[in-house]
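Below: one structure, written as structure tokens.
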Amino acid sequence: MRSFVSIGLFIVVGLLAALATGFRSDLFTQLGYDQEQEKLQQRIIIKFSHVVAENTPKGLAAAKFSSLVNEKTGGKVEVQVFPNGILHSDETEIPALQRGDIQMIAPAFSKLSNLIPAWLALDLPYVFLDQQDVERAFRGEIGEMLFQTLEPHNMKGLALWSNGFKQMTSNKPIRTLEDFAGQRFRIMRSHVLETQFQALNAKAVPIPFNETYSQLEKGVIDGGENTISNIYTKRLYQVQKYMTTSNHGYLGYAVIVNQDFWNKLPTDIQDKILEAMKETTEWNYDQAAAMNEQQLKLLKENSRLQIYELAPEERTVWKQALYPIYDQYTPVIGEEIVSKLKQLQEQR
Ligand code: LMR
């Protein structure tokens, strides 16, 4: 009789325990918890923070890089990607990287220019004509010279990624220089971009990327300049009536790692990360332009945005109005970089 009672009690206690743990078997694996933790500690974590959506050239490249690093290091290095500014905004990501709170970022060039004016070079109006120009600069001496400027700031440049050419958006049509007068345009914080809108008799308002939609919606600003992929994925087209495909400026990214963190990595791991970055960068160059093209099609088909393609002769007028910015900023950017850019433009 007693043994029946104890068996019954055993079953009831067992069932209650199973219910409490949801019938999970990991109650037992908790015994292996410490061992698992040790393995986790051996793993190298790279926190990669950026501000754009996942289905953009930068968002997709970050995800691809993460999976390539995982594959090439056999899971020893984990790249955790934080998109949409969920970890840091474009105003806080550079100091966070320098402090080592995060290990990798890919800011637009304008955002680096506040710390290192040489990066203003790539904000110059009409700096590149096409993707071929972009790649020649990114892979060549211009890219190398810009990477050197990062070193004194505890940052190491690993690659330059592409997004695409910037287009103008507003609630009024923009074709002639006069159309800009008196309007307020959102810019990324950058002296060259500020001067660009001043030259067009407009006002430039620096606003973080993830606040742009709401500021347009509230009417704090009238327009902006961005790539098709950012206009599309951040739904800026919902709060703008017109877009002019002007290709007047370029938006690309410097992929940067914290220098102290990098120096402490074993050489074989550094090599694998560089290999993954090289593959990702080639892939990014191929798909960035295609993505902007495909999203332009989607904007044409599915949005109310009125799209105007700037004619070549109108473009010449814009260019002439903006070209004096080169001379104005040469002393700030540095003679050498500006002359390399001009050489590139002359080779076209
Ligand atoms: C912007 O602020 O408009 C862009 O820099 C966002 C980005 O990183 O593409």
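All ligand and atom numbering here is 1-based and tracks the order in the structure. Remember, it's a predicted structure, so these values are computed and weren't measured experimentally.
- Per-residue contacts place V51 under 4.0 angstrom from the following atoms of ligand 1 (heavy atoms of the residue considered): 8 (O).
- Counting heavy atoms from C-beta outward, Q196 and H248 have side chains that approach closer than 4.5 Å.
- Numbered from 1 in the order shown, with element, the atoms of ligand 1 that lie under 4.0 Å from a heavy atom of K58 read 7 (C), 8 (O).
- The protein non-hydrogen atom at the shortest distance from atom 9 (O) of ligand 1 is Y253 OH, 2.5 Å.
- Judged by distance alone, the side chains of N84 and K234 do bring a donor and an acceptor atom under 3.5 Å apart.
- Put simply, no part of H50 is less than 4.0 Å from ligand 1, judged by heavy atoms.
- Short contacts between ligand 1 and V52, defined as distances under 4.0 Å to a heavy atom of the residue, involve ligand atoms 6 (C), 7 (C), 8 (O), 9 (O).
- The pair E301-K297 counts as a salt bridge, with a side-chain nitrogen and a carboxylate oxygen less than 4.0 angstrom apart.
- For ligand 1, the atoms sitting less than 4.0 Å from at least one non-hydrogen atom of A108 are 5 (O), numbered in the order shown with element in parentheses.
- At distances below 3.5 Å, not a single donor-acceptor pair connects side-chain atoms of D90 with backbone N or O atoms of P208.
- Contacts of T212 with ligand 1, taken as heavy-atom pairs under 4.0 Å, are absent altogether.
- No more than 12 heavy-atom neighbours from other residues, nucleotides or ligands sit within 6.0 angstrom of CD on E141.
- Residue contacts with ligand 1 for R189 are absent, since no atom lies close enough (heavy atoms, distance under 4.0 Å).
- We find that R315 and E309 are not joined by a salt bridge, their nearest charged nitrogen and carboxylate oxygen being 4.0 Å or further apart.
- S170 and D222 share no side-chain donor-acceptor pair at under 3.5 Å.
- For K241, the NZ atom counts as loosely surrounded, since its 6.0 Å shell holds 12 or fewer non-hydrogen atoms of other residues, nucleotides or ligands.
- For ligand 1, the atoms lying closer than 4.0 Å to a non-hydrogen atom of K111 are 1 (C), 2 (O), 4 (C), 5 (O), 6 (C).
- At a 4.0 Å heavy-atom cut-off, ligand 1 touches N226 through the side chain alone.
- Only the side chain of N230 comes within contact range of ligand 1, with a heavy atom under 4.0 Å; no backbone atom does.
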